[in-house]
Colleague: 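A single structure is presented below for examination.
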Amino acid sequence: MTLDLSIYLVTDSKQAAAQGRPLAEIVHQAVAGGVTIVQIREKDAPAAAFLKTVGEVAAVLPSHVPLLINDRIDIFLAARESGIKVDGVHLGQADLPVSLARKILGPEAVIGLSAGTVEELRSAAQEPGRVDYIGIGALHPTSTKLDAPPALSLAGFSALLEFCTLPAVAIGGVRVEDLPGLRQAGAAGAAVVSAICSAADPQLAARQLSIAWRGKA
């Protein structure tokens, strides 16, 4: 699978609820606006509710948009067993080791990994389980991830990117005005949460992000 990481939506059910919209509706609109990959992040949801959300989101995704699961390999396996199209997982440094996850998920699954230091980037590149892409952050201070590391800024992100040999997306408070600089720095994409999930018009927000990434008005 060739991954298009350019406009990477990480979902937030609480923000969707605050907007008075089902999460699947926001995802559907966001994909129509240009989102290229979706990760479902449900830090506090029980397993059954998480799986239900995965099914609802998968039902509105076109086949070319990959669907990843944050942290929970058990949810990925349960979704796949239920016939729900899921494509991989995104892991943090405290989750199962990539090599073990790869054994469980198989060679076709996408595995993304969060990294925020040179040592973590070098380790990911040498990982025998194969990491498909890296999430580097936080770009800016963010309220959507309580354990987010200190903000890097574009300069800090760019400095880390010099040590990264894998495709990398920036995450953490990413705004539309950040995208030209991220692309120029060599990022493979930008992962956003609030920029879409809290937007009054998720389709328009995604379109603006896509236009900013491509550098075309």
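Remember, predicted model here, so these are calculated numbers, not experimental data. The analysis underlying the following values was restricted to heavy atoms, covering all of them including side chains, and did not include hydrogens, waters or symmetry mates.
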Colleague: Under a 3.5 Å cutoff, is there a donor and acceptor pairing between the side chains of E25 and Q29?
Modeller: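 The answer is yes; a qualifying pair exists.
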Colleague: When rounded to the nearest 0.5 angstrom, what is the spacing between CG in L67 and CZ in F76?
Modeller: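 Those atoms lie 9.5 Å apart.
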Colleague: Look only at the side chain of Q39 and the backbone of L9, and say whether a donor-acceptor pair between them is shorter than 3.5 Å.
Modeller: no
Colleague: What distance separates S210 OG from L179 CG, expressed to the nearest 0.5 Å?
Modeller: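 The CG atom of L179 is 9.0 Å from OG of S210, to the nearest 0.5 Å.
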Colleague: Less than 4.5 Å apart, side chain to side chain, heavy atoms only: is that true for V86 and L68?
Modeller: no
Colleague: Would you say E42's side chain and F50's backbone share a donor-acceptor pair under 3.5 angstrom?
Modeller: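 No; zero donor-acceptor contacts below 3.5 Å.
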Colleague: Can you find a heavy atom in the side chain of I171 that is under 4.5 Å from one in the side chain of L139?
Modeller: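 The answer is no, as the side chains (C-beta and beyond) never meet within the 4.5 Å cut-off.
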Colleague: Less than 4.5 Å apart, any side-chain heavy atom of V169 and any of I134?
Modeller: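 Counting from C-beta outward, V169 and I134 never come under 4.5 Å.
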Colleague: Without placing hydrogens or testing angles, list every side-chain donor-acceptor pair under 3.5 Å for residues 199-209, not counting sequence neighbours.
Modeller:
from	atom 1	to	atom 2	distance (Å)
D201	OD1	Q203	N	3.2
D201	OD1	L204	N	3.0

Colleague: For I40, does its backbone N or O pair with a side-chain atom of N70 as donor and acceptor, under 3.5 Å?
Modeller: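 Side chain of N70 to backbone of I40: no pair is present.
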Colleague: Locate the shortest heavy-atom distance separating A101 from I73; write the atom from each residue and the value.
Modeller: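 So the minimum-distance heavy-atom pair works out to CB-CD1, 3.6 Å.
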Colleague: Taking the side chain as every heavy atom from C-beta outward, state whether V38 and P66 have any pair of such atoms under 4.5 Å apart.
Modeller: no
Colleague: Within the side chain of R41, is there an N or O that forms a donor-acceptor pair under 3.5 Å with the backbone of V10?
Modeller: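 Judged by distance alone, no pair lies under 3.5 Å.
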Colleague: Roughly how far, to the nearest 0.5 Å, is CD of E127 from CG of L166?
Modeller: 10.5 Å
Colleague: Got E56 and P22 here, is their nearest side-chain heavy-atom distance under 4.5 Å?
Modeller: no
Colleague: Determine whether a donor-acceptor pair (N or O, by modelled atom type, separation under 3.5 Å) exists between the side chain of Q19 and the backbone of R21.
Modeller: no
Colleague: Should we count CD of Q93 as having more than 12 external heavy atoms under 6.0 Å?
Modeller: yes
Colleague: In this structure, are over 12 heavy atoms from other groups packed under 6.0 Å from E81 atom CD?
Modeller: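 At most 12 heavy atoms, drawn from other residues, nucleotides or ligands, come within 6.0 Å of this atom.
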Colleague: Are the side chains of I196 and T11 in contact, using a 4.5 Å heavy-atom criterion?
Modeller: no
Colleague: Would you check if there is a donor-acceptor pair between the side chains of H140 and S153 at a distance under 3.5 Å?
Modeller: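 Short answer, no.
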Colleague: So, does R102 use its side chain to make a donor-acceptor pair with the main chain of A109 at under 3.5 Å?
Modeller: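 Here the side-chain-to-backbone pair exists.
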Colleague: Assess whether salt bridge (Lys or Arg N to Asp or Glu O under 4.0 Å) is satisfied between D71 and K43, documenting all intermediate values.
Modeller: CA-CA 9 Å; D71 293 349; K43 289 290 188 184; 2.5 Å; yes
Colleague: Does any N or O in the side chain of T36 come within less than 3.5 Å of the main-chain N or O of I7, such that one atom is a donor and the other an acceptor?
Modeller: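 Yes, the answer is positive, given that a donor and an acceptor are paired below the 3.5 Å cut-off.
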Colleague: Considering all heavy atoms of both residues, which atom of I26 and which atom of C197 are nearest to each other, and what is their separation?
Modeller: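 Looking at all heavy atoms of both residues, the shortest contact is CD1-O, 3.8 Å.
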Colleague: Kindly give the heavy-atom pair with the smallest separation between A191 and V174, and that separation in Å.
Modeller: O-CG2, 3.6 Å
Colleague: Whether the S194 and Q15 side chains hold a donor-acceptor pair (N or O, under 3.5 Å, no angle test) is what I'd like checked.
Modeller: yes
Colleague: Quick one: does S123's side chain have a donor or acceptor within less than 3.5 Å of a partner on E119's backbone?
Modeller: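 Checking the backbone N and O of E119 against the side chain of S123, no donor-acceptor pair under 3.5 Å is found.
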Colleague: How long is the straight-line distance from CG of L105 back to CD1 of I111, given to the nearest 0.5 Å?
Modeller: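 Going from the CD1 atom of I111 to the CG atom of L105 covers 5.0 Å.
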Colleague: Any donor-acceptor pair under 3.5 Å linking the side chain of R80 with the backbone of D87?
Modeller: no
Colleague: Applying side chain to side chain contact (heavy atoms under 4.5 Å, CB included) to D178 and L154, what does each step give before you reach the verdict?
Modeller: CA-CA 8 Å; D178 294 316; L154 179 58; over 6 Å; no
Colleague: How about V176 and I211: do any of their side-chain heavy atoms sit closer than 4.5 Å?
Modeller: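 Answer no - side chains too far apart.
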Colleague: Side-chain contact test, heavy atoms from C-beta onward, threshold under 4.5 Å: evaluate it for V110 versus D132 and give yes or no.
Modeller: yes
Colleague: Search all heavy atoms of G92 against all heavy atoms of S114 and return the closest pair with its distance.
Modeller: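 So the minimum-distance heavy-atom pair works out to CA-CB, 4.3 Å.
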Colleague: Please confirm whether Y133 and Y8 have ring centers closer than 6.0 angstrom.
Modeller: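 Yes: the rings meet the under 6.0 Å criterion.
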Colleague: Between atom OG1 of T165 and atom CD of Q126, what is the distance when rounded to the nearest 0.5 Å?
Modeller: 8.5 Å
Colleague: Locate the shortest heavy-atom distance separating L96 from L91; write the atom from each residue and the value.
Modeller: O-CD1, 3.7 Å
Colleague: Quick check: closest heavy atoms across A185 and L161, and the distance to 0.1 Å?
Modeller: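 Distance-wise, the nearest heavy atoms are O-CD2, 3.2 Å.
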Colleague: Can you tell me how far OG1 of T117 sits from CZ of R122, rounded to the nearest 0.5 angstrom?
Modeller: 9.5 Å
Colleague: Just do the salt bridge (Lys or Arg N to Asp or Glu O under 4.0 Å) check on D74 and R72 with the steps written out, would you?
Modeller: CA-CA 5 Å; D74 60 326; R72 298 285 298 273; 2.9 Å; yes
